[in-house]
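I have placed the structure first, in the form of C-alpha cells, so that the comments after it can refer back to it.
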Amino acid sequence: MTTFVRFWGTRGSIPTPGHKTRKYGGNTSCVEVRIDDALFICDGGTGLRELGVDLLARSSSSVEAHMFFSHTHWDHIQGFPFFMPAYATENSLYVYGVTKDDNRVHRLLLGQMRSEYFPVKFSDLGSKIVSSDLGGGAKSIEGVMVRHYEQTHPGRSFAFSFEKNGVKVVYATDNEIDMTVLNADDILEHPEALRRVPEEFVRFVGDADLLIADGQYTDEEYPAKLGWGHARASTVVDLAVQARVKQCAIFHHDPMHSDHDMDEKIARCRARAERAGSNVVVFGAREGLEIKLD
Ligand SMILES: [Zn+2]
Ligand SMILES: [Zn+2]
C-alpha cells in the first residue's frame, strides 16, 4: 500500500519561468496523487503538460486518470490542451464535478479549446474523456474515498480529500480562509493569536498526512489583496495546527515571489508552527518534489 504525491506545478495565477523561480518552479497548479494503482490529478495548470510526458514515458500501458479541478480559472486548466495522454485513443480521463450530473468542468475544458483559443478541437483529442461527478457527497473511486469541500474564492472553488487505509491527502487551493476566520476581532488586538478556522473545514482537513494549501500571501501583502481569493501562508499554518496535520505544503506561490522570498515566507511559517507548539512539518511545495506517505 503506497501513496505518492508529486508536485508538477506549484505557482499561482500565471506561469513564472526564469532564474528567480528555479527552486520552487514556475508552472501553475498540478499535483499528482497516486494511491496504489489509482491515479488522481489535481488541477491542470501548465504543470500538467510535463506530467503527461512523464506518464507516457513511465509505462507502455494505457493511462487511466481521475481528474479533479478545484475550479476553472486559467492557472488551473491551461495545461489541459497540452496533456499528451488526452490525444491517444487507448487512454481514459475521468473529469469530475462535485454535484450530480455536474459537467461544468468538462464543458469549460471544451470551451477553452474553441478555435478562437486553440488549434485542436476537444472532439479531436482521441482519448475517452468522461464527465463524472461526486454526486454531491463522498465517492469511492478505485477504493479511495474522495470528498469535497466548497471554499472561499471568487467564482467558487473546491478542496478535495483522498483517503485510503488511514492515509489522507487534502488538496485545498484557491481558498481565502482568512475571510472565514472566527476570531478576527481578537486578532486585531493580538496579531500573533491563533486564527480560528471554522470547525467544518478543520474536520475536513483533520489529521491529514499531507495538506496542500493555498498560502499565496505574506501577512504584509494580504491587506492589499482582500477578496482576491487567496490566503496568508500564516493562516494556513494555523489551519494545519488546528487540524493536527502531519505535513503541510504551502502552495499556489505568488508570481511576484522569488525563491529567496519563498524561503523567507516558509521560515516564518515554521517559526509560527513552533510558537504554537505544533510539530507539523511545513514546507514550500516545489516542482519535481515527490513525497511518499504510508
Ligand atoms: Zn489559482
Ligand atoms: Zn482561482
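Heavy-atom basis, side chains included; hydrogens, waters and symmetry copies ignored. Atoms within a ligand are numbered from 1 in the order they appear, just like the ligands themselves. What you see is a predicted model; the values in this text were computed from it and never measured.
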Verify the distance test for His73 against the Zn ion (ligand 2): any N/O/S atom under 2.8 Å, yes or no. yes
Aromatic ring proximity Phe162/Tyr171, centre distance under 6.0 Å: no
Report, rounded to 10°, the angle at the Zn ion (ligand 1) between the two atoms NE2 (His76) and NE2 (His252). 110°
For the residue pair Glu32 / Trp8, report whether a side-chain donor-acceptor contact shorter than 3.5 Å exists. yes
Do you know which N/O/S atom name in Asp174 is closest to the Zn ion (ligand 2)? OD2
Specify whether His230 and His252 have parallel, tilted or perpendicular ring planes, treating 30° as the upper limit for parallel and 60° as the lower limit for perpendicular. parallel
Between Phe160 and His148, is the ring centroid distance below 6.0 Å? no
N, O or S of Asp75 under 2.8 Å from the Zn ion (ligand 2): no
Report whether any nitrogen, oxygen or sulfur of His71 sits less than 2.8 Å from the Zn ion (ligand 1) (N, O or S, backbone or side chain). no
Would His76 and Phe69 count as a close aromatic pair, with their ring centres under 6.0 Å? no
